[in-house]
Q: 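Here it is, the structure, as structure tokens.
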Amino acid sequence: MASPSTAQRHRVAVIGLGSIGGAAAGSLAVAGRHDVVACVRQPIARLILDAPGGTSEVALRALTDPAQVEAPADWVLICTKTFHTEATAPWLKRLCAPSTRVAVLQNGIDHVARVAPLAQGATVLPVIVYYNGERLAADRVRLRQGANADFVVPNDDAGRGFAQLIDGTPLRVQLGDDFITLAWRKLLLNAVASPMTALTLQRQAVLRRPDIKALCMEVLAEAVAVGRAEGAKLADDEAARTLDTLYTFSGELGTSMYFDRLAGGKLEIEALNGAIVAAGERHGIRTPLNRALLALLRAVSDAAGK
């Protein structure tokens, strides 16, 4: 991999400046190796990044209208919620050329299927995000790192290019050879941490309750069966491993769904338990507990949207 001082400088557009996009844009801007622009609804002149290594403030160019895009980007990072993917189409129309690479930093397992129809022939790269971001203000985000990697991408040309793009920032990229299994393992984490924290309005410490742990194990058992039918190589003790991983995180951490519910926003349930239920239907596998969580959180989300 090229050293940060000799690597090629790229034009990078980050669509969505929430907890994930803010941390990614802030990390890239602080590193100073690339020309970073944010595609946002409201203009900002700076971004403050609270990271494990300290707090940094950087000037950040922000565009609020796709018409302001002057040339295609080398890299586009889509960091919106999955239910806002269609809204990125006007941005992608202006930002993408066949040589552009679009990294999808979203939840779920269908990154490429969601974005490829909008990407104007650009290469679409699915990205699994493991860091915890918390948006503190419109121009301030907190980055917390807990896993061995912050991003996991396929071990292919686009994935290796993404690793080079991120090199020199605090964020760590892992290349994965069996991406479908890795994507399902991330989905398993989200399928219990997100609904349990959002429904109870408690941070991840709630997962340590014996009754919640037992419920999580049953939810995960359904999801593991579905994941295997989809081709993921999941272990016999995958459910227990998933909870063990969650228990390595601080109980004070919140999930994005927890923060969305606190803010009275729409919840990203369709890409999580909704994806498990939909895949279960494709394979004839019953998922009653995931279906129950989906129904409850759909009701919460719909009420928030009124």
Side-chain angles (χ1 to χ4, degrees), residues 15-23 40-42 78-89 91 104-111 113-115 118 126-138 141 183-184 186-207 209 212 215-216 218-220 222-223 226-227 242 246 249 253-282 286-306:
I15 303 178
L17 214 61
S19 57
I20 298 303
V40 292
R41 297 175 185 172
Q42 301 296 326
I78 297 183
C79 305
T80 66
K81 299 291 186 183
T82 53
F83 49 74
H84 286 146
T85 301
E86 288 289 336
T88 69
W91 288 108
V104 186
L105 281 62
Q106 291 181 329
N107 282 322
I109 52 175
D110 300 320
H111 304 68
R114 282 195 299 270
V115 174
L118 311 175
V127 181
I128 303 169
V129 180
Y130 274 102
Y131 61 78
N132 182 278
E134 182 177 352
R135 190 178 187 186
L136 304 176
V141 65
W184 268 90
K186 175 63 190 304
L187 180 59
L188 295 179
L189 294 171
N190 286 340
V192 288
S194 293
M196 301 308 169
T197 55
L199 286 171
T200 64
L201 288 177
Q202 298 180 54
R203 298 195 179 215
Q204 292 197 44
V206 73
L207 301 175
R209 285 178 54 102
I212 297 296
L215 175 58
C216 288
E218 294 297 325
V219 171
L220 289 168
E222 293 179 0
V226 174
T242 299
L246 286 169
F249 302 140
L253 292 180
T255 64
S256 59
M257 190 177 289
Y258 164 83
F259 290 121
D260 288 342
R261 188 174 181 199
L262 286 181
K266 186 175 179 180
L267 305 183
E268 199 175 23
I269 190 62
E270 301 299 333
L272 303 181
N273 302 81
I276 294 167
V277 170
E281 290 175 346
R282 289 197 297 271
R286 295 184 68 252
T287 55
L289 291 176
N290 281 276
R291 190 178 293 275
L293 292 175
L294 178 61
L296 289 169
L297 286 163
R298 276 176 173 168
V300 171
S301 185
D302 289 347
K306 291 181 179 179

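FYI, side chains are in, hydrogens and waters are out, and symmetry mates aren't considered; it's all heavy atoms of this structure.
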Q: Hey, could you give me the OG1/CZ distance between Thr200 and Arg209, rounded to the nearest 0.5 Å?
A: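 Spacing of OG1 (Thr200) from CZ (Arg209) equals 9.0 Å.
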
Q: Assess whether a salt bridge exists between Arg286 and Glu281, defined as any Lys/Arg side-chain N lying under 4.0 Å from an Asp/Glu carboxylate O.
A: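 Glu281 and Arg286: not salt-bridged.
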
Q: Minimum heavy-atom separation for Ala193 to Leu246, with atom names?
A: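 That closest heavy-atom pairing would be CB-CD2, 3.9 Å.
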
Q: Would you give the length of the straight line joining atom SG of Cys216 to atom CG of Leu189, rounded to the nearest 0.5 angstrom?
A: 11.0 Å

Q: As a quick check of understanding, evaluate side chain to side chain contact (heavy atoms under 4.5 Å, CB included) for His111 and Leu105, giving each step before the final call.
A: CA-CA 8 Å; His111 304 68; Leu105 281 62; over 6 Å; no

Q: Hey, what do you get for NZ (Lys186) to CD1 (Ile109), rounding to the nearest 0.5 Å?
A: 13.0 Å

Q: Looking at every heavy atom in both Met196 and Ile212, which two are closest together, and how far apart are they?
A: CG-CG2, 4.2 Å

Q: What closest approach, in Å, do Val141 and Gly18 show between heavy atoms, and which atom pair accounts for it?
A: CG2-O, 4.2 Å

Q: Donor-acceptor pair, Thr255 side chain versus Tyr258 backbone, under 3.5 Å?
A: yes

Q: Does Leu289 offer a backbone N or O that forms a donor-acceptor pair with the side chain of Glu222 under 3.5 Å?
A: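 Such a contact is found between Glu222 side chain and Leu289 backbone.
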
Q: List the steps and the verdict of side chain to side chain contact (heavy atoms under 4.5 Å, CB included) for Thr88 and Val115.
A: CA-CA 9 Å; Thr88 69; Val115 174; 6.0 Å; no

Q: Which residues pass the side-chain contact (heavy atoms from CB on, under 4.5 Å) test with Glu134, not counting sequence neighbours?
A: Leu136, Arg142, Arg144, Arg203, Phe259

Q: Starting at CD of Glu268, measure out to CG of Asn273 and round the result to the nearest 0.5 Å.
A: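 That separation rounds to 11.5 Å.
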
Q: Pair Ile15, Cys79 - check side chain to side chain contact (heavy atoms under 4.5 Å, CB included), show working.
A: CA-CA 6 Å; Ile15 303 178; Cys79 305; over 6 Å; no

Q: Hey, does Lys81 have a side-chain heavy atom less than 4.5 Å from the side chain of Asp260?
A: yes

Q: So which heavy atom on Asn107 is nearest to which on Arg114, and how close?
A: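 Nearest pair, atom of Asn107 first, then Arg114: O-NH2, 2.9 Å.
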
Q: If you take all heavy atoms of Ile276 and Trp184, which pair is closest and at what distance?
A: CG1-CZ3, 4.1 Å

Q: Using atom types as modelled and distance alone, determine if a side-chain donor or acceptor of Ser194 lies under 3.5 Å from a backbone N or O of Ala191.
A: no

Q: So Val127 and Val104, do their side chains get closer than 4.5 Å, heavy atoms only?
A: no

Q: Please test Asp302 against Lys266 for salt bridge (charged side-chain N to carboxylate O under 4.0 Å, His left out), starting from the C-alpha separation and ending with a verdict.
A: CA-CA 7 Å; Asp302 289 347; Lys266 186 175 179 180; over 6 Å; no

Q: Quick one: does Val129's side chain get under 4.5 Å of Tyr131's, heavy atoms only?
A: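 Counting from C-beta outward, Val129 and Tyr131 do come under 4.5 Å.
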
Q: So, using side-chain hydrogen bond (donor to acceptor under 3.5 Å, both in side chains) as the criterion, who are the partners of Thr80 when residues are at least two apart?
A: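 Checked Thr80 against side-chain hydrogen bond (donor to acceptor under 3.5 Å, both in side chains); matches are Gln106.
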
Q: Nearest 0.5 Å, please: how far is CG in Leu253 from CG in Asn132?
A: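 With rounding to 0.5 Å, CG (Asn132) is 4.5 Å from CG (Leu253).
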
Q: What heavy-atom pair brings Ile269 and Leu297 nearest, and what distance separates the two atoms?
A: CD1-CD1, 3.5 Å

Q: Would you compute the distance between atom CG of Asp110 and atom CD of Glu270 and round it to the nearest 0.5 angstrom?
A: 12.0 Å

